[in-house]
Amino acid sequence: GQNIDQPTEMTATEGAIVQINCTYQTSGFNGLFWYQQHAGEAPTFLSYNVLDGLEEKGRFSSFLSRSKGYSYLLLKELQMKDSASYLCAVSKNAGNNRKLIWGLGTSLAVNP
Amino acid sequence: DAGVIQSPRHEVTEMGQEVTLRCKPISGHNSLFWYRQTMMRGLELLIYFNNNVPIDDSGMPEDRFSAKMPNASFSTLKIQPSEPRDSAVYFCASSRQGVHQPQHFGDGTRLSIL
C-alpha cells in the first residue's frame with residue numbers, strides 16, 4: 001500500500017523555527033515535493049528532494065531520508081505570512097508511468 | 001508570463017445539471033493535471049494528461065466525470081449529472097513534463113452543487 005503522514009496542525013511564534021515532518025510508505029519511490037497553500041488559494045511549489053540530504057532555499061529547507069521514508073520542511077525566521085497549509089507529495093513509479101500521492105497537509109499558524 | 005488559467009472561478013448550480021470546467025495550461029508545458037480538493041479528503045488527483053493523452057484516470061470518481069484535452073492549450077472537466085457530493089474546489093495544474101517536475105496550479109474553480 002501507500003501512505004503519507006503529516007501532522008494535521010502546528011503552531012509557532014513569529015521569528016522562531018518550525019519543522020514539519022512527513023513520513024511515507026510506498027514502493028517505487030522517486031522523489032518528494034513540498035507545496036505551500038494559503039487559505040483560499042492554490043498550492044505553490046516549494047521544494048523537490050530526490051537524494052538524501054538537506055536542500056536549502058532561503059528561509060526554507062527540505063530534508064529527505066529515503067531509507068527511513070522521512071522528510072521534513074524547516075522554516076526559519078518565521079513570518080506571519082508563513083501561516084498556511086504545507087503539503088507533502090511523493091512521486092512513485094506505477095507501471096510504465098509515475099504517480100504523485102499527496103498528504104493531507106499540515107496547517108501552520110504563526111502567532112505574533 | 002501567464003500562469004494556468006481556469007474558468008469559471010465560481011460555479012453554483014442545481015443537482016442534475018451539467019458542469020464544465022475549463023483550463024488553459026502554461027504554454028510549453030506538456031503535462032496537465034485535474035485535482036479535486038475537499039477538507040475531508042484533501043487534494044485528490046482525478047486525471048492527468050501527457051502530450052494531450054490521458055495517462056492516469058484512476059482517480060476519476062465515476063462515469064459522471066469525464067475529461068478531454070483536444071489540444072495542447074485547452075482541457076475540460078465535465079460532470080454530468082452533477083450531485084451535491086461533487087461540491088469542492090477543482091484545480092488544474094501543469095508541468096513541463098510529468099509528475100516528477102514542479103506543478104503550477106491555477107486559481108481553482110469553487111463548485112457548489114445545490
Side-chain angles (χ1 to χ4, degrees), chain A residues 1-9 20 22 24 26 28-51 55 57 60 62 64 66 71 73 84-108, chain B residues 1-7 9-10 21 23-26 29-51 53-60 88-112:
Chain A
Q2 51 206 21
N3 199 28
I4 297 179
D5 289 312
Q6 307 179 234
T8 304
E9 296 179 336
I20 303 174
C22 172
Y24 61 89
T26 187
F29 175 85
N30 256 297
L32 187 144
F33 291 88
W34 283 98
Y35 282 78
Q36 179 191 59
Q37 186 176 22
H38 285 102
E41 298 183 10
T44 56
F45 168 76
L46 289 178
S47 67
Y48 180 49
N49 292 68
V50 177
L51 302 176
E55 298 268 349
K57 198 184 290 186
F60 291 10
S62 57
L64 176 67
R66 295 175 67 126
S71 172
L73 182 68
S85 182
Y86 291 86
L87 302 166
C88 169
V90 168
S91 171
K92 60 164 284 182
N93 292 326
N96 293 327
N97 298 304
R98 292 182 182 175
K99 290 178 76 79
L100 194 62
I101 311 299
W102 293 81
L104 293 179
T106 299
S107 180
L108 173 67
Chain B
D1 288 342
V4 175
I5 299 172
Q6 290 186 248
S7 64
R9 291 293 307 277
H10 303 271
L21 310 181
C23 177
K24 176 179 168 53
I26 292 173
H29 280 195
N30 293 323
S31 298
L32 182 141
F33 307 82
W34 281 103
Y35 289 95
R36 177 173 67 180
Q37 188 173 41
T38 60
M39 290 292 292
M40 291 299 295
R41 299 170 68 93
L43 197 62
E44 301 174 278
L45 177 68
L46 300 176
I47 186 170
Y48 93 86
F49 295 85
N50 210 38
N51 297 321
V53 176
I55 301 299
D56 181 3
D57 65 354
S58 59
M60 295 287 265
V89 179
Y90 290 81
F91 286 106
C92 176
S94 69
S95 74
R96 289 194 183 280
Q97 190 71 41
V99 301
H100 57 287
Q101 295 200 340
Q103 294 179 28
H104 300 258
F105 284 75
D107 289 334
T109 295
R110 280 147 185 80
L111 178 64
S112 295

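Here is the naming used below: chain letters follow the sequence lines, and residue numbers restart at 1 for every chain.
The two residues B:Ser58 and A:Lys99 have their closest heavy-atom pair at OG-NZ, 3.2 Å. B:Leu43 approaches A:Pro43 most closely through the heavy-atom pair CD2-CG, 4.4 Å. Between A:Ala42 and B:Gly106, the shortest heavy-atom contact is CB-O, 3.0 Å.
Proximity to chain A is absent for every atom of B:Glu44, based on heavy atoms less than 4.5 angstrom apart. Contacts of B:Arg41 with chain A are made by backbone atoms alone, with heavy-atom separations under 4.5 Å and no side-chain atom involved. Using a 4.5 Å cut-off between heavy atoms, B:Tyr35 touches chain A through its side chain atoms alone.
Ranked by non-hydrogen atom pairs under 4.5 Å with chain A, the options B:Ala93, B:Gly42, B:Pro102, B:Gly98 are led by B:Pro102.
With sequence neighbours excluded, the residues that form a ring pair (Phe, Tyr, Trp, His ring centres under 6.0 Å) with A:Phe45 are A:Tyr35. Here A:Ser62 pairs with A:Ser47, A:Asn49 under the side chain to side chain donor-acceptor pair (under 3.5 Å) rule; sequence neighbours left out.
Considering NE2 of B:His100 and CZ of A:Phe33, their distance stands at 8.0 Å, rounded to 0.5 Å. How far CG of A:Leu100 is from OH of B:Tyr48: 9.5 Å, rounded to the nearest 0.5 Å.
The shortest side-chain heavy-atom distance between A:Gln37 and B:Phe91 falls under the 4.5 Å cut-off.
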